[in-house]
Amino acid sequence: MKAPWNFARFLPLAGRLLSRGRLPTLLFAVASKGALQGGRLGKLKDDLRLLQALCLAYWRGEYRAISPKALVSVVAGLMYFLSPLDAIPDFLPVFGMLDDIAVLAWIMKTLDGELSAFRAWRNRQQPEKLAVVERLPDTPEQLQLEGPKKN
């Protein structure tokens, strides 16, 4: 399946964000926008949470069974979701979130195998461990101090 229009430009940006250790800042921004736009996302709100959980588990070194290409795609999708100036600018009422939703849906479909493996990993974890792994601290700086962990 072909990537959504305008998504490809976010791939190199995502690679740079990961290499510079800026994932915590992205995750806080996504959590903030996700909370504000929650009602407009529908079922994709759960998908967005799954992508955030995957990134948090990766950052903390708890889950590394994802290909580098898939991780970059997830991060690029989250960056696209955050960008106010994408294929359809977010400030346009009603229509502004449509392309964001389409990109997130495309990520979920394209990376279904990788995300299914992550779901299976999550299901094998103790709830107490998941609560720690997937918790966002109060600030991005606190998360920055925690990682990234290498396994």
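Just so you know, these numbers use all the heavy atoms, side chains as well, and skip hydrogens, waters and symmetry mates. What you are looking at is a predicted structure, and each value in this text was computed from that prediction instead of being measured. We count residues from 1, following the sequence as given.
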Hey, what do you get for [atom1] ([X]) to [atom2] ([Y]), rounding to the nearest 0.5 Å?
X: K45; Y: L48; atom1: NZ; atom2: CG; value: 9.0 Å
X: R49; Y: L56; atom1: CZ; atom2: CG; value: 13.0 Å
X: E134; Y: E62; atom1: CD; atom2: CD; value: 10.5 Å
X: L115; Y: M108; atom1: CG; atom2: CE; value: 5.0 Å

How close do [X] and [Y] get, heavy atom to heavy atom, and via which atoms?
X: A57; Y: F118; answer: CB-CE1, 3.9 Å
X: Y58; Y: I66; answer: CD1-CG2, 4.0 Å
X: V30; Y: F81; answer: O-CE2, 4.1 Å
X: A65; Y: E114; answer: O-OE1, 3.7 Å
X: G77; Y: F7; answer: N-CE1, 3.5 Å

Which residues pass the side chain to side chain contact (heavy atoms under 4.5 Å, CB included) test with [X], sequence neighbours left out?
X: Q125; result: W121, K129, L130
X: D112; result: S116, R119
X: V72; result: L11, A14, L18
X: L13; result: F10, R16, M79

Exercise for the section: Return each pair, listed once, that meets ring-ring contact (aromatic ring centres under 6.0 Å, His included) where at least one residue sits in residues 122-144; pairs must be two or more places apart or across chains. Expected result: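 The answer is none; no pair qualifies.
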Less than 3.5 Å apart, which donor and acceptor atoms pair up between the side chains of residues 21-29 and the rest of the protein, not counting sequence neighbours?
unit_1: R22; atom_1: NH2; unit_2: T25; atom_2: OG1; d: 3.2

Any side-chain heavy atom of [X] within less than 4.5 Å of one from [Y]?
X: S73; Y: T110; answer: no
X: L50; Y: R122; answer: yes
X: L54; Y: Y63; answer: yes
X: D47; Y: L104; answer: no
X: T139; Y: Q144; answer: no

Handout entry: Passing option when L51 is tested against L111, V75, L78 for side-chain contact (heavy atoms from CB on, under 4.5 Å)
Key =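 Among L111, V75, L78, the one that satisfies the side-chain contact (heavy atoms from CB on, under 4.5 Å) with L51 is L78.
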